[in-house]
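Below is one structure; the comments refer to it alone.
Order of listing sets the numbers, starting from 1, for every ligand and every atom in it.
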Amino acid sequence: MKKLTTLVIATSNKGKTLEIKDLLKGFPVDIKNLDDFGPIPPLKEDGNTFDENAYQKASFAARILGLPALADDSGLLVEALGGAPGIHSARYAGENATDEQRYLKLLDEIQGESNRSAAFECVVSIAVPTGPALTYEARCQGMITESPVGSNGFGYDPIFFYPPLNKTFAELTRKEKSRVSHRGKAFAELKDEFDKVLIWIRQNMPVQEVVHG
Ligand code: ITT
């Protein structure tokens with residue numbers, strides 16, 4: 001039987017993990033979570049761009065685990081807030097805040113604002129332990145609602161209205177969201193060239209030393 005390439009999903013966000021697993025369903029990779037490896041140090045994430053953060057998370061996990069790793073750095077850019085929370089989306093309401101606390105804070109910040117334009121951005125990085133990485137990125141344009149609507153999805157989904165479907169992301173099924181979302185679009189590019197990605201991973205993985213005892 002052909003051995004599958006292992007790919008570690010380097011995220012501790014449960015909502016993201018569910019979407020990524022669905023997006024990669026049927027592709028010839030053996031998907032592992034960080035939980036499959038017991039405790040590892042927290043992923044470092046102190047870059048100035050989504051790109052830098054996605055690469056930091058993927059390469060850190062790849063180096064520590066000795067396996068190819070995929071990380072996703074994403075966030076919400078609100079026009080009326082000059083692009084905030086952007087790369088600070090996860091920590092917008094403090095370190096241990098809940099998704100609800102984050103989106104309520106955002107609604108509070110833009111209360112009364114007529115410009116509700118916003119975009120989700122997503123950068124996906126696939127890294128190998130030796131350093132090189134592949135990058136995919138995409139955006140999804142929408143509007144911030146006046147109040148939360150819907151209970152699907154995660155993060156800022158209840159306040160992100162997607163005009164083409166006349167619904168918030170939290171009113172869409174996972175499949176519907178992935179068809180149009182920032183993450184769905186970034187993964188569509190990745191999946192389009194998945195054969196090449198697998199070859200790239202195999203060529204860039206360090207050769208394992210076989211020790212005969
Ligand atoms: P990892 O770094 O462990 O992957 P994280 O939650 O810290 O998880 P990010 O640094 O990428 O992830 O922060 C993204 C923030 O934006 C976080 O608050 C998410 O909940 C939110 N977010 C990302 N993608 C989203 C989506 O598709 N829908 C709604 N909110 C999203």
Side-chain angles (χ1 to χ4, degrees), residues 8-23 33-35 37 39-62 64 69-78 81 83-107 118-127 135-145 148-162 165 167-188:
V8 181
I9 308 300
T11 175
S12 42
N13 182 312
K14 292 202 167 56
K16 256 192 212 179
T17 307
L18 287 173
E19 288 186 12
I20 292 174
K21 281 198 161 163
D22 254 13
L23 283 161
N33 292 322
L34 292 178
D35 317 336
F37 299 92
I40 66 163
L43 303 176
K44 193 173 132 205
E45 191 177 350
D46 58 9
N48 292 316
T49 60
F50 291 114
D51 240 58
E52 278 176 30
N53 284 334
Y55 176 70
Q56 276 187 354
K57 291 188 277 190
S59 69
F60 181 75
I64 268 211
L70 178 153
D72 160 324
D73 199 59
S74 37
L76 183 61
L77 290 81
V78 178
L81 299 176
I87 60 162
H88 304 294
S89 295
R91 285 148 282 158
Y92 189 49
E95 212 52 61
N96 296 311
T98 61
D99 280 346
E100 188 182 22
Q101 286 168 328
R102 282 189 273 270
Y103 68 63
L104 288 179
K105 174 175 162 132
L106 200 147
L107 287 181
F120 270 124
E121 193 158 316
C122 172
V123 176
V124 174
S125 173
I126 299 182
T135 303
Y136 299 87
E137 45 190 295
R139 251 181 182 242
C140 178
Q141 199 69 40
M143 321 268 285
I144 302 299
T145 54
V149 183
S151 54
N152 298 337
F154 68 97
Y156 296 90
D157 282 345
I159 63 161
F160 188 80
F161 181 78
Y162 184 65
L165 296 178
K167 285 181 178 171
T168 67
F169 268 6
E171 293 179 288
L172 302 179
T173 63
R174 199 179 301 146
K175 212 174 185 167
E176 287 169 334
K177 177 183 167 188
S178 286
R179 238 178 257 139
V180 296
S181 74
H182 48 310
R183 181 165 301 106
K185 287 194 264 183
F187 273 82

Assess the side chains of Q56 and D46: does a donor N or O sit below 3.5 Å from an acceptor N or O? yes

Considering only protein heavy atoms, which is closest to atom 10 (O) of ligand 1, and at what distance to one decimal place? E45 OE2, 2.6 Å

Taking side chain as C-beta onward, heavy atoms only, is C140 less than 4.5 Å from F160? yes

In this structure, does ligand 1 have an atom that sits under 4.0 Å from one of the heavy atoms of Y156? yes

Can you list the ligand 1 atoms lying under 4.0 Å from a non-hydrogen atom of T11? 1 (P), 3 (O), 4 (O), 8 (O)

Six-ring centre of F154, K14 cation under 6.0 angstrom, axis tolerance 45°: no

Looking at every heavy atom in both V149 and A170, which two are closest together, and how far apart are they? O-CB, 3.5 Å

Protein contact to atom 3 (O) of ligand 1 [nearest heavy atom, distance to 0.1 Å]: S12 N, 2.8 Å

Closest candidate by heavy atom, reference atom 24 (N) of ligand 1, pool K16, R183, R102: R183

Of all the non-hydrogen atoms in the protein, which one sits nearest to atom 2 (O) of ligand 1, and at what distance? K57 NZ, 2.7 Å

Taking only non-hydrogen atoms of N13 and a 4.0 Å limit, the atoms of ligand 1 in range are 3 (O), 6 (O), 8 (O), 19 (C), 20 (O)

Within a reach of under 6.0 Å around NZ of K105, are more than 12 heavy atoms found that belong to other residues, nucleotides or ligands? yes

When I20, T11, N13, V123 are each screened for side-chain contact (heavy atoms from CB on, under 4.5 Å) with D72, the one that passes is I20

Evaluating non-hydrogen atoms only, which member of A54, S74, A90, S89 is closest to atom 14 (C) of ligand 1? S74

Taking C-beta and beyond as the side chain, do N33 and T17 meet within less than 4.5 Å on heavy atoms? yes

Short list, please: which atoms of ligand 1 are under 4.0 Å from a heavy atom of K177? 26 (C), 27 (O), 28 (N)

Do S74 and R183 pair up side chain to side chain, a donor and an acceptor below 3.5 Å, judged on atom types alone? yes

Numbering as shown, the atoms of ligand 1 that approach D157 to under 4.0 Å (heavy-atom distance): 26 (C), 28 (N), 29 (C)

State the atoms of ligand 1, each with its element, that fall below the 4.0 Å cut-off from a heavy-atom position in H182. 24 (N), 25 (C), 26 (C), 27 (O)

Parallel, tilted or perpendicular: which fits the ring planes of F120 and H182, with parallel below 30° and perpendicular above 60°? parallel

Below 4.0 Å, non-hydrogen atoms only: which portion of F160 touches ligand 1? Side chain, backbone, both or neither. neither

Any chance the rings of F187 and Y136 have centres within less than 6.0 Å? no

Between E19 and ligand 1, is there a nitrogen or oxygen pair with a distance under 3.5 Å? no

Show the atoms of ligand 1 that are less than 4.0 angstrom away from any heavy atom in G155. 20 (O), 29 (C), 30 (N)

Just need the protein heavy atom nearest to atom 22 (N) of ligand 1, so name the residue and atom and give the distance. F154 CE1, 3.8 Å

Is S181 close enough to touch ligand 1? Criterion: a residue heavy atom under 4.0 Å from a ligand atom. no

